[in-house]
Amino acid sequence: MESMFALILLCVTGTHVSSSPGPLEDVVIDRYDIPRVCPREVQTGDFVRYHYNGTFTDGKKFDSSHERGAPFSGQVGLGRLITGLDRGVQGMCVNERRKVTVPPHLAYGSIGAGDVIPADTVLVFDVVLLDIWNTEDKVQTRTLSKPESCKRLVEATDFIRYHYNGTLLNGVPFDSSHSRNGTYDTYVGMGYLIKGMDEGLIGMCVGETRTIIIPPFLAYEEKGYGTVIPSQATLVFEVFMIDLFNPKDDITVVVKEVPKTCTRKTVVGDYIRYHYNGTFQDGSGFDTSYQRNSTYNTYIGMGYVIQGMDKALQGLCIGEKRRVILPPHMAYGEKGTGDLIPGSAVLIFDIHVIDFHNPKDLIEIKVTSKPKKCNLTSEVDDLIQYRYNCSLMDGTLLYSSDHYENAPITTLGANKVIEGLDEGLRGMCVGEKRVVIVPPHLGHGENGAKGVPSSAVLHFELELLDLQKGVPDGYMFVWLGDSPDPLFPAMDLNKDLSVPLEEFTAFINIQVAEGTGRLRPGMDADGIIKDMFNNQDRNTDGKIVAEELKLKVEEDSDRARHEEL
């Protein structure tokens, strides 16, 4: 059969002898199946690839490329086919089916072909055209869809990720990245692809869909590719560009929104809390902090996040929004991460900075209102009453004293409130208002609190409503100057050499009234005085005598001398 196949398609070189005296007939063509779209027709000089069945007029088959499983490939109009077929395929479209009836003088004439084709035999070929190309062909591209915005085009040396469907020119598929559920990832213009694909991908945008038609000599040529791509096959790729970057790319930062006031920007070593949406270049999302209802918290420039993000988080203001584009070599590289991020993926993060701080930060205080006269200011051990609003740095209100019937009362330095607030309430006059910024290590720390996120910087609006000067921790009463010397005669108001509770109470109240002594504020005065009396009535006989009286004396850096009964 192989020898017969060769005989059929070769031109007869001997002299033709007509078998009838009448005029010579031409080929008869029956185009019984024509595709609706026919972008190209066979012309002289084109190379074609087609399947055929060859029969006599009685229907008896003498040859078939289908049965051999290999279509015929050859050039048209240059004498390499029998003349009838040369004429019969002229003007054909890919996927067209036609019946070509070839008279003997345009086939094997009066000689025939061995024992298979008798002399003067009319041959009938049922042909389906599979492929057509010419040595003058170039790569053809046609854009099927393209995003409105295309800021960057594929260039040589870029690395790209794309999906594709590959078919032969007649529509028969041979490969698809979709069926493997993975993009094809490669460099462009560096010889990693067939020449035609290298050329056809140039100029594409991310999100663009393009058809690329590659002639055989820019594809797999005569060798083909395994069993899926025949020899001398034109290839058609429908390509969807997923991703694009260059190994020389740095991060790209697009500032979307900056607050009107920005007194400080992030630097290496700061700790930041931010929300983000993470997407690929085709717009599909891979992660978002909003869905978890929790910020992402990390140190900057210390290797806790991917390299590109470490760099992108520097120079930000609280409240700023920016888009950050990270090339793979500054993200998760060729390996990606699990099923979430594929290898060599460009990542896009839309970031909103909630707050940041440095572990070395102190509280920030800004006085917004202060009385003209301010003779008395709050300090450690004082009992104060104050009004407050506490918010996150993005303005989210966490809690407020206005939500309660009475404003809070606390003793400064007694660990009753967070350290930063305690410090921020010191040095205030009654009626003074101030804003205090408290970093997390002076607030609720990494664990946060009820309603307070982990590692949150807190924004307090404070107003001091009342101030009662206090006494040091561990004391109930202190002298504000030197105590009477000797003390017992001063206490013995009626000079009977003994001081009962009533007389002791009267003496202490006189000291408080005259401003020479102070009781611990915020506690029952009678209860404090009774405890002081009991402390001095060592024999518990209900009265104090001179021999029982002793003073507790302590030196410290805040007050030169503390004395307590």
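Quantities reported herein were computed from a predicted structural model and do not represent experimental measurements. Keep in mind that the numbers below use all heavy atoms, side chains included, and drop hydrogens, waters and symmetry copies.
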Report task. Find the distance between OH (Y290) and OH (Y276) and round it off to the nearest 0.5 Å. Result -> 11.0 Å
Requested in this report: Taking the side chain as every heavy atom from C-beta outward, state whether M532 and L519 have any atom pair closer than 4.5 Å.
Outcome: yes
Requested in this report: Measure across D382 and T377 and return the closest heavy-atom pair with its distance rounded to 0.1 Å.
Outcome: OD2-O, 3.7 Å
Query raised in the report: If you round to the nearest 0.5 Å, how far is OH of Y184 from CZ of F237?
Result: 9.5 Å
Query raised in the report: Is the H444 ring parallel, tilted or perpendicular to the Y399 ring (thresholds 30°, 60°)?
Result: perpendicular
Query raised in the report: In Å, rounded to the nearest 0.5 Å, how long is the span from NE2 of H441 to CG of N358?
Result: 8.0 Å
Query raised in the report: Is it true that D158 and K248 have a side-chain N and a carboxylate O under 4.0 angstrom from each other?
Result: no
Query raised in the report: Could you state the interatomic distance from CG (D381) to CD (Q468), rounded to the nearest 0.5 Å?
Result: 13.5 Å
Report task. Ignoring hydrogens and angles, tell me if any N or O in the side chain of D537 forms a donor-acceptor pair with the backbone of I544 under 3.5 Å. Result -> no
Report task. Determine whether K321 and D350 make a side-chain contact, defined as any pair of heavy atoms from C-beta on separated by less than 4.5 Å. Result -> no
Query raised in the report: How close do A156 and G189 get, heavy atom to heavy atom, and via which atoms?
Result: CB-CA, 4.4 Å
Query raised in the report: Can any side-chain N or O of R520 pair as donor or acceptor with the backbone N or O of P472 at less than 3.5 Å?
Result: yes
Query raised in the report: Between D422 and R426, does at least one N-O distance fall below 4.0 Å, as a salt bridge requires?
Result: yes
Query - S177 and H163: side chain donor to acceptor below 3.5 Å - result: yes
**Report entry** Distance-minimising heavy-atom pair for V471 and P521
**Finding:** N-CD, 4.3 Å
Query - Side chains of T143 and E208, donor plus acceptor under 3.5 Å - result: yes
Report task. Find the distance between OG1 (T252) and CD1 (I325) and round it off to the nearest 0.5 Å. Result -> 5.0 Å
Requested in this report: Could you tell me whether R387 and D402 make a salt bridge, using a distance below 4.0 angstrom between a side-chain N and a carboxylate O?
Outcome: yes
**Report entry** Check: F280 ring centre within less than 6.0 Å of F286 ring centre
**Finding:** yes
Report task. Could you verify whether a donor N or O on one side chain and an acceptor N or O on the other, from D243 and Q281, lie under 3.5 Å apart? Result -> yes
Query raised in the report: If we ignore angles and hydrogens, is there a donor and acceptor under 3.5 Å between the side chains of S344 and E334?
Result: no
Report task. Of all the heavy-atom pairs spanning I365 and G424, show the shortest one and how long it is. Result -> CD1-CA, 4.2 Å
Query raised in the report: Is there a donor-acceptor contact under 3.5 Å linking the side chains of N165 and S176?
Result: yes
**Report entry** Short side-chain donor-acceptor distance under 3.5 Å, N246 and T157
**Finding:** yes
Query raised in the report: Do the ring planes of Y187 and F159 sit parallel (below 30°), tilted (30 to 60°) or perpendicular (above 60°)?
Result: perpendicular
**Report entry** Interatomic spacing from CD in E423 to CD1 in I418 - rounded to 0.5 Å
**Finding:** 11.0 Å
Query raised in the report: Under a 4.5 Å cut-off applied to non-hydrogen side-chain atoms, are V236 and T211 in contact?
Result: yes
Query raised in the report: Taking the side chain as C-beta and beyond, is there a heavy-atom pair between V430 and L376 under 4.5 Å?
Result: no
**Report entry** SB check R264 D270 (cutoff 4.0 Å)
**Finding:** yes
Query raised in the report: Does a donor on one side chain and an acceptor on the other come within less than 3.5 Å for Y386 and D466?
Result: no
Query - Cationic N near anionic O, under 4.0 Å, D175 to R180 - result: yes
Query raised in the report: Taking the side chain from S369 and the backbone from E432, do they hold a donor-acceptor pair closer than 3.5 Å?
Result: no
Query - Salt-bridge present (E257, R322; N to O < 4.0 Å) - result: no
